[in-house]
Amino acid sequence: MNQEIRNIAIIAHVDHGKTTLTDALMEQTGAREGEASMDSNALEKERGITIYAKNTSIEYRGTKINIVDTPGHADFGSEVERVLRSIDSVLLVVDAQEGPMPQTRFVLKKSLELGLKPIVVINKIDKPAADPARTEEQVLELFLELGANDEQCNFTTVYAIGREGVAKRSLADANVDLKPLLDVILEKVPPARGYVADESLRAQVFNLGYDNFLGRLAVARVYEGKIKANQALFIKHEGETVVKKGKVVKLSTFKGVQKVETDTAWAGDIVLLAGFSDINIGDTLVDSEGVEPLPSIKVDEPTIALQFMPNSSPFAGREGKYVTSRQIRERLEKELEINVGLQVDFATGDNFEVRGRGEMHIAILLENMRREGYELAVSQPRVIIKEEDGQKLEPFEEVTIDVPALYQGSVIERLGNRAFIMTNMITHDNQVRMIFEGPTRGLLGYKNQFIVDTKGEGIMASRVVGFKPYAGEIKKRQVGSMVSMVQGKALGFALFSLQDRGQLYINPGVEVYEGMVIGNTSKGEEMVVNPTKGKQLTNMRASGSDEAIVLTPPKVITIETGLEIMSDNEYLEVTPESVRLRKAKLKENERKRE
């Protein structure tokens, strides 16, 4: 009850070292058990990115420090927005070589709007091209640009090598450990407002979880009063008159990444509660009906939409355990409980319109579903277009691109064709950083092309800047589809003659069906082909016609590449074992009639 508590969040652009730094802080304060890491989800470990905001707590000099590790990818921005309301300061981690990137700007803007005073951590100072002084200058410029007040601009800077568990206040200091960073946290982060006797409870939910035995779990910050296990509480939401009741079945606090059950939690702490099946993010828990709720948490709205539907291909039901629209609906309803950035319209029969923050946001959901045994088809993503005062508005994005100077021409040309306008360009040692602004529509399907254009040496990051007037027609798709006309097994002989027409998506021996897209055509028109055609066997042999079959490796379709390359009359079929592209109308004469 009397222990001092500091509540902080670690925010940064993707891959600037938030999770590595958090893991090192847990390691050095004895809060880490074994190989426990903040990135605990299987997809997070595979991709090396944080997808879900997670809590941990460490103890240093008798003070409890609650830390929330947040995602750095723009598509998971809703995870960051809600976390910032529950803490008292942020560690803004910036890569000493890359400097501030789009998501750095996004998370910092949200922090400054809430009146938080960030501590800047310039990380990865051991990189060969690291320039901490330049990075610090760029961070200050960003603070000024985002309208930070004098107190916020007077931030404290700590230099770190998160991977080695080293932090220092001055670049000249010796590399020892992370104590200088922990000391700065104790000095600069205001202590959480503690318990005041006889004060009514007010706790706000900022994250949700799920347990198969306990049901929905709520992660909440206790602002005032105290909360007890088995206590009856009311759930209130700003602007709503409905008051729900519930009982705290289980109450836990955090110690490292472990959850420790407790009888009582006091003001200032972050807790995990079970027992409230219909609680939502932004809800306030109070112990008497007369207490006013806290202001609700608002997150930015989605920018893209697509249809989820039961799989209707000839191979439907072969691999999946859950294939009906009712099962897909139940899974999406469960996802809505914890995924705030997602919206689903269930009013459209068997097809559900799912709206999200970006292609990656949707791809992660699809990947999780297929691993759980779901089988479904999805339509091409499209941007959400709004109408205000008779004017069409669409989402716009700011794209930051770092490429070797050699490739800048092709990047400028491609993005120019997609209605993007360059707003800034900085050249530094044969590397070019270009900043563009344009419609999200123009960015859909560009990532793959960007990797090809820059031979994999480019870095691209984007953030949504809001809704702006519609940018007009954009012509992007320059390839057509190669569509199978039969069902059967693809043969190397047939694929050998087809690979000259475009790029294949399948290997020999793969089962295909009528209407399945097996490749693209470089000329841009749809081509119906027979990939199962074998060689005519005769007794005659000729030196010219019996050359060895050499196949170019196909382009493997993943969920992300499928969402990027599919056209508007195609579906992406997602099953536990396979990802296939197919035409919405499988028969050729039906497509022609349409």
Side-chain angles (χ1 to χ4, degrees), residues 1 3 5-10 22 26 31-33 36-41 44 50-59 64-71 78-80 82-88 192 194-195 201-236 244-287 294 297 334-340:
M1 174 186 167
Q3 187 182 28
I5 297 173
R6 304 282 201 279
N7 294 314
I8 59 167
I10 295 196
T22 312
M26 290 198 297
R32 188 176 183 182
E33 291 182 15
S37 167
M38 294 304 284
D39 281 352
S40 50
N41 178 281
E44 292 179 320
T50 304
I51 297 169
Y52 307 105
K54 285 177 286 299
N55 296 68
T56 183
S57 87
I58 59 176
E59 287 216 10
K64 181 177 183 180
I65 303 172
N66 285 317
I67 304 173
V68 190
D69 182 24
T70 62
S78 55
E79 296 278 324
V80 183
R82 61 180 192 220
V83 161
L84 293 177
R85 275 286 298 277
S86 64
I87 44 88
D88 302 316
Y195 176 66
L201 167 74
R202 281 210 296 183
Q204 187 165 44
V205 179
F206 69 89
N207 206 349
L208 296 171
Y210 192 81
D211 184 282
N212 289 334
F213 301 103
L214 297 165
R216 190 182 283 201
L217 305 173
V219 181
R221 159 90 186 259
V222 185
Y223 285 94
E224 296 164 11
K226 61 184 177 185
I227 193 165
K228 291 181 176 179
N230 300 315
Q231 186 179 4
L233 298 175
F234 301 95
I235 305 169
K236 299 185 90 174
K244 301 172 213 162
K245 288 184 180 179
K247 184 181 169 190
V248 182
V249 174
K250 190 175 180 182
L251 178 67
S252 310
T253 57
F254 293 91
K255 185 175 183 184
V257 287
Q258 305 299 319
K259 299 164 188 71
V260 181
E261 207 171 332
T262 182
D263 291 330
T264 313
W266 311 88
D269 211 349
I270 289 173
V271 296
L272 184 75
L273 308 152
F276 301 88
S277 59
D278 49 2
I279 198 163
N280 287 303
I281 284 165
D283 285 350
T284 307
L285 288 163
V286 295
D287 52 10
L294 291 157
I297 297 172
K334 187 178 159 191
E335 185 68 24
L336 285 173
E337 292 188 355
I338 51 172
N339 195 336
V340 226

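Starting from 1, each residue takes its place in the sequence as its number.
Considering Ile8, Val68, Ile67 as possible partners of Ile87, the one that fulfils the side-chain contact (heavy atoms from CB on, under 4.5 Å) test is Val68.
The distance from atom OG1 of Thr22 to atom CD1 of Ile10, rounded to the nearest 0.5 Å, is 3.5 Å. Taking CG of Asp287 as the reference point, atom NZ of Lys228 lies at 10.5 Å (rounded to 0.5 Å). Ser86 contributes atom OG, which lies 12.0 Å from atom CG of Leu294 (distance to the nearest 0.5 angstrom). One finds the OG1 atom of Thr284 at 9.0 Å from the NZ atom of Lys236 (value rounded to the nearest 0.5 Å). Going from atom CG of Asn55 over to atom CG of Asn7 covers 9.5 Å, rounded to the nearest 0.5 Å. Between the CD atom of Glu261 and the OG1 atom of Thr253 there is a distance of 10.0 Å, given to the nearest 0.5 Å.
Between Ile235 and Asp278, the closest side-chain pair of non-hydrogen atoms falls below 4.5 Å. Looking at Ile270 and Val219, their side chains come closer than 4.5 Å, going by heavy atoms from C-beta outward. Within the 4.5 Å cutoff, side-chain heavy atoms of Val83 are placed close to those of Phe206. Residues Thr262 and Leu251 have side chains in contact (heavy-atom distance under 4.5 Å, counting atoms from C-beta outward). Val248 has its side chain out of reach of Leu285: every pair of non-hydrogen atoms, C-beta onward, lies at least 4.5 Å apart. Side chains of Leu233 and Leu273 form no contact here, defined as non-hydrogen atoms less than 4.5 Å apart.
The pair Asp88-Arg221 meets the salt-bridge criterion, since a charged nitrogen lies less than 4.0 angstrom from a carboxylate oxygen.
Contact detail for Ala192 and Gly268: the closest heavy-atom pair is CB-CA, 3.6 Å. Of all non-hydrogen atoms in Ile279 and Ala218, the two that sit nearest each other are CG2-CB, 3.9 Å. For the residue pair Asn66 and Ser57, the shortest heavy atom distance occurs at OD1-CB, 3.2 Å. Closest approach of Gln204 to Tyr223, counting heavy atoms only: CB-CE1, 3.8 Å.
Looking at residues two or more places apart in sequence or on another chain, you find no side-chain contact (heavy atoms from CB on, under 4.5 Å) involving Ser277. Considering only residues two or more places apart in sequence or on other chains, Gln231 meets the side chain to side chain donor-acceptor pair (under 3.5 Å) condition with none of them. Among residues two or more places apart in sequence or in another chain, the salt bridge (charged side-chain N to carboxylate O under 4.0 Å, His left out) test is passed with Lys64 by Asp269.
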- [ ] Take Val205 and Asn280 through the side-chain contact (heavy atoms from CB on, under 4.5 Å) test and state the conclusion after the steps.
- [x] CA-CA 7 Å; Val205 179; Asn280 287 303; over 6 Å; no

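Within 6.0 Å of atom NZ in Lys334, more than 12 heavy atoms from other residues, nucleotides or ligands are found, so the atom counts as buried in its surroundings. No more than 12 heavy atoms of other residues, nucleotides or ligands sit less than 6.0 Å from atom NZ of Lys259.
No donor-acceptor distance shorter than 3.5 angstrom exists from the side chain of Glu224 to the backbone of Leu201, with no hydrogens or angles considered.
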